[in-house]
Protein chains: 2
Amino acid sequence: MKNSLSSFEESAQIFKALAHPARLAILEVLRNGEECVCHLEAILGFRQAYLSQQLAVLREAGILRDRREGWNIYYRIAREDVLDILNTVRSFAPQQGEPIIIPEPQDCDCPKCKRKDSPAADLKILSIQKPLG
Amino acid sequence: MKNSLSSFEESAQIFKALAHPARLAILEVLRNGEECVCHLEAILGFRQAYLSQQLAVLREAGILRDRREGWNIYYRIAREDVLDILNTVRSFAPQQGEPIIIPEPQDCDCPKCKRKDSPAADLKILSIQKPLG
DNA sequence: CAATAACATTCAACTCCTTGAATGTTATTG
DNA sequence: CAATAACATTCAAGGAGTTGAATGTTATTG
């Protein structure tokens, strides 16, 4: 069975991608849907390049997918199952009671945040951008 | 949220313990119940010390529990949930069809294997050892 | 209590991961 | 097409995980 160890290599790669607090934080933010990198930057407080590095790990592991829309690149969770895994592993912790609070972004100028701040301005932006379909 | 990154540290530790093909192979063998180290040695073909190292990682992460019975130490999966996680991650792989075949141990003298080989001999051993309770 | 069986631990060399800094890429604007 | 906004990639130094070899521990046997 030692010989067929490579059959576990693929699973191990997935776990390696998940074995990092910053990447788990990213997944927690993306739990409720796709977000652009600048949005993650505003919420998590990481440097942009650092975020890109961590996002690349998750993307290359097949856990995240990205979608470009003009300047922004939106990341989303590729496999919903991974959320179940995060829930389960979190339930292993001694004090699992503390809920994860995702703060509002502070200085985020992404289309999604502008929409919340001033619906009118956002509509203007939406009319310029190409349709989502 | 960057400040509360430590809240993801615990989960990351679990994933780190799972992020290794040899340790995943061990968990696969233990899927159907507890086994002693010499049994894992016979099935997986690892050196004893190497196995102990990997078992320690899983034990310290709280994924495995051990139980001593005379000379032998039996390891079992502490959290059944972890099997669901393994199943899910395995389903991510491209060719997930291939079933995992756990070979019969070749040179294993543990009580459990002796029982299979010669039931009479095993009964004798059981009568010597202290009860499971 | 000395010898042994079954495991565990320590150590060191090696490899892989992490992360700040610098630089590159792509799409848009004017 | 030059300038810019939003991301991505590369590189190198430091840190963490891996594993073979040697040694230690615990329970049992005689």
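For clarity, every value in this text was computed on a predicted model and none was experimentally measured.
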Indicate yes or no for a side-chain donor-acceptor contact from B:S11 to the backbone of B:F8 under 3.5 Å, with no hydrogens or angles considered.
no
Give A:F46 one of three labels, base, sugar-phosphate or nothing, depending on what nucleic acid heavy atoms sit under 4.0 Å from its own.
nothing
For DNA chain D, produce a single dot-bracket line, 5' to 3'. Pairs: Watson-Crick or G-U wobble, both distances under 3.5 Å. Symbols: ( ) within strand, [ ] crossing, | other strand, . unpaired.
||||||||||||||||||||||||||||||
Measure the distance from OH on B:Y50 to P on D:dA21 and round it to the nearest whole Å.
13 Å
Rounded interatomic separation in angstrom, taking CG from A:N72 and C1' from D:dA5
9 Å
Using whole Å, report how far CZ of B:R47 lies from C1' of D:dT18.
11 Å
Could you tell me whether B:R76 atom CZ has more than 12 heavy atoms of other residues or ligands within 6.0 Å of it?
yes
Could you tell me whether a side-chain N or O of B:R23 sits under 3.5 Å from a main-chain N or O of B:L58, the two making a donor and an acceptor?
no
Expressed as a whole number of angstroms, how long is the span from A:H20:NE2 to D:dG15:C1'?
12 Å
D:dG17 P sits how many Å from B:L58 CG, rounded?
14 Å
For B:Q54, report the nucleic acid contact type (base, sugar-phosphate, nothing); a contact means any heavy atom under 4.0 Å.
sugar-phosphate
Measure distances between side-chain N and O atoms of B:Q48 and base N and O atoms of C:dA8, and say whether any donor-acceptor pair falls under 3.5 Å.
yes
Is any side-chain N or O of B:Q53 under 3.5 Å from a base N or O of C:dA8, one able to act as donor and the other as acceptor?
no
